[in-house]
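Heads up: numbering here begins at 1 and tracks the sequence.
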Amino acid sequence: MTGSHRVAAAALTLLAAFPTPASAQEQDGEAWASFWVTAPVSGKLLGWVDRSLRASDHGTDSPTVLIRPLVGVQATKSLSLWGGYTYVLTNPTGRAAVHEHRAVQQAMWNVGKVAGGTLVSRTRLEQRWVEGRSGTGHRLRQMFRYATPIDRHKTQFVLSSETFVAFNSTPFGQAAGFDQVRNFVGLNVPLAPKVTADIGYMNRYIRRRGAEDRMDHILPVTLVARF
C-alpha cells in the first residue's frame, strides 16, 4: 500500500467513526483559535502553556476563553508526565458568566512509528470546580494523534480522536459516563523552524442528559511552538 493510499484509508476509517447527524438533533458551528508553547526549563523539567478562544454561531455572548499552564518532566525518551491547572470562562446567552477551574494531570507517550507515520497518546485526568456551584467533577480524557508526512516540506496529514469519560455526576452539570468525543482531520503545516500550525475539521459529539445530544462542526486553527 502506498503512502497516499495509507492516508486515504486512515481518513476514511476516522470519518466512518464520526456520529451521524441523525444521532444528534442540535448542531452548532464553531471556530477555535489556539496557541501552544512547550519548552525545556531546566534539565528534564518542561513547561507548557496553551490558550484558546472558541467562538460559537449561537449560544454564547462572547468567545469561550481557556488558559492552561502545565509543568512536566521528561520521564523517558518517549514519555513525559505533566501537572497543572486550567481556567475556562464561558458566557452563555442570557445567563451569568461561568468560571471553571481544573486541576490537570497528564501523560504524553510517543508510541512510535505506525504505517509510515507517528502515533502519540495523551492521557489526561481533570478535577473540575465551577465557581458558585458545589461538587468536584472527575474526568478522564484519552487522545490518540496520528501524523504522517505528505510532502518534502514536512507538511503532515493528521488524524486525532479524543474521548471524554466522567467518573461522577455533579450539581454543576457533569454526568457520569461517556461525555463527548472529538475527532479531527487536517494538516500540520510548518511555518518556521520550531513553529507549526494545525488546521482542519473537528467533529465534536456531546452526550447530554435531559436534552438532545449535540454535534458541533468546528474549524480549529492551532499554532504550536516547540523549543
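Of the inter-residue distances, the one linking His217 atom NE2 with Arg204 atom CZ reads 11.5 Å to the nearest 0.5 angstrom. To the nearest 0.5 Å, atom CZ of residue Arg139 and atom OG1 of residue Thr136 are 13.5 Å apart. Gln106 CD to Leu81 CG: the interatomic distance, rounded to the nearest 0.5 Å, is 9.5 Å.
Residues Met108 and Val111 do not share a hydrophobic cluster, defined by chaining ILVMFWY side chains whose heavy atoms lie under 4.5 Å apart. Leu159 and Met143 are members of different hydrophobic clusters when ILVMFWY side chains are connected at heavy-atom separations under 4.5 Å. Hydrophobic clustering places Val224 together with Leu70 (ILVMFWY residues linked when any side-chain heavy atoms are closer than 4.5 Å, directly or through intermediates).
Smallest separation of non-hydrogen atoms from Leu46 and Pro40: CD2-CA, 4.0 Å. Of all heavy-atom pairs spanning Arg54 and Ser52, the tightest one is NE-CB, 3.9 Å. In terms of heavy-atom proximity, Ala197 sits nearest to Leu191 at CB-CD1, 3.8 Å. Between Ala175 and Ser169, the shortest heavy-atom distance links the atoms CA-OG, 3.5 Å. Shown here for Asn91 and Ser62, the closest heavy-atom pair between the two residues is ND2-OG, 2.9 Å. Summarising the geometry of Gly200 relative to Pro220, their closest heavy-atom pair is O-CD, 3.2 Å, with the distance given to 0.1 Å.
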(request) Would you check, one step at a time, whether the test side chain to side chain contact (heavy atoms under 4.5 Å, CB included) holds for Leu89 with Ile67? (result) CA-CA 9 Å; Leu89 169 64; Ile67 302 172; over 6 Å; no
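For Thr196, the side chain to side chain donor-acceptor pair (under 3.5 Å) partners two or more places apart in sequence, or in a different chain, are Asn188. Scanning for side chain to side chain contact (heavy atoms under 4.5 Å, CB included) contacts around Leu219 gives Ile199, with sequence neighbours left out. For Arg128, the side chain to side chain donor-acceptor pair (under 3.5 Å) criterion is met by Glu100, Gln174, not counting sequence neighbours. Evaluation of the side chain to side chain contact (heavy atoms under 4.5 Å, CB included) rule for Phe178 yields Thr163, Val181, Tyr205, Arg207 as partners, not counting sequence neighbours. Contacts of Phe144 classified as side chain to side chain contact (heavy atoms under 4.5 Å, CB included), with partners at least two apart in sequence or in another chain: Leu119, Ser121, Gln142. Not a single ring pair (Phe, Tyr, Trp, His ring centres under 6.0 Å) links Trp32 to another residue, sequence neighbours left out. Listed by chain and number, the residues in a side chain to side chain contact (heavy atoms under 4.5 Å, CB included) with Leu45 are Val41, Val71 (sequence neighbours excluded).
In this structure, the side chain of Asp216 does not engage the main chain of Ile218 through any donor-acceptor pair within 3.5 Å. Checked by atom type and distance alone, the side chain of Ser56 never pairs as donor or acceptor with a backbone atom of Glu30 at under 3.5 Å. Of the possible donor and acceptor atoms, none in the side chain of Arg124 sits under 3.5 Å from a partner among the backbone N and O of Val104.
Residues Phe157 and Val185 form a side-chain contact, since some pair of their non-hydrogen atoms from C-beta on lies under 4.5 Å apart. The closest side-chain heavy-atom distance from His99 to Tyr87 is below 4.5 Å. Between Met202 and Asn183, every side-chain heavy-atom pair lies at or beyond the 4.5 Å cut-off. Under the 4.5 Å side-chain criterion, counting only non-hydrogen atoms from C-beta, Val221 is not in contact with Ser34. Residues Thr170 and Asn168 have side chains in contact (heavy-atom distance under 4.5 Å, counting atoms from C-beta outward). By the 4.5 Å heavy-atom criterion applied to side chains, Leu125 and His138 are not counted as neighbours.
Alongside Val98, the hydrophobic cluster contains Val130, Phe172 (criterion: ILVMFWY side chains under 4.5 Å).
More than 12 heavy atoms of other residues, nucleotides or ligands lie within 6.0 Å of CZ in Arg209, so this atom counts as buried by the packing criterion. Within 6.0 Å of the CH2 atom in Trp109, the count of heavy atoms belonging to other residues, nucleotides or ligands does not exceed 12.
Applying side-chain contact (heavy atoms from CB on, under 4.5 Å) to Ile206 and the options Glu26, Arg214, Arg182 leaves one that passes, Arg214.
Pairs passing the side chain to side chain donor-acceptor pair (under 3.5 Å) check and including a residue from residues 70-80, sequence neighbours excluded, read Ser80-Trp82. Sorted by first and then second residue, the salt bridge (charged side-chain N to carboxylate O under 4.0 Å, His left out) pairs with a member in residues 184-201 read Arg145-Asp198; sequence neighbours excluded. Pairs passing the salt bridge (charged side-chain N to carboxylate O under 4.0 Å, His left out) check and including a residue from residues 33-52, sequence neighbours excluded, read Asp50-Arg68. Within the structure, salt bridge (charged side-chain N to carboxylate O under 4.0 Å, His left out) pairs that include any residue of residues 160-172 comprise Arg122-Glu162, Arg141-Glu162 (at least two apart or interchain).
Thr38 and Trp48 form no side-chain donor-acceptor contact under 3.5 Å, judged by distance and modelled atom types alone.
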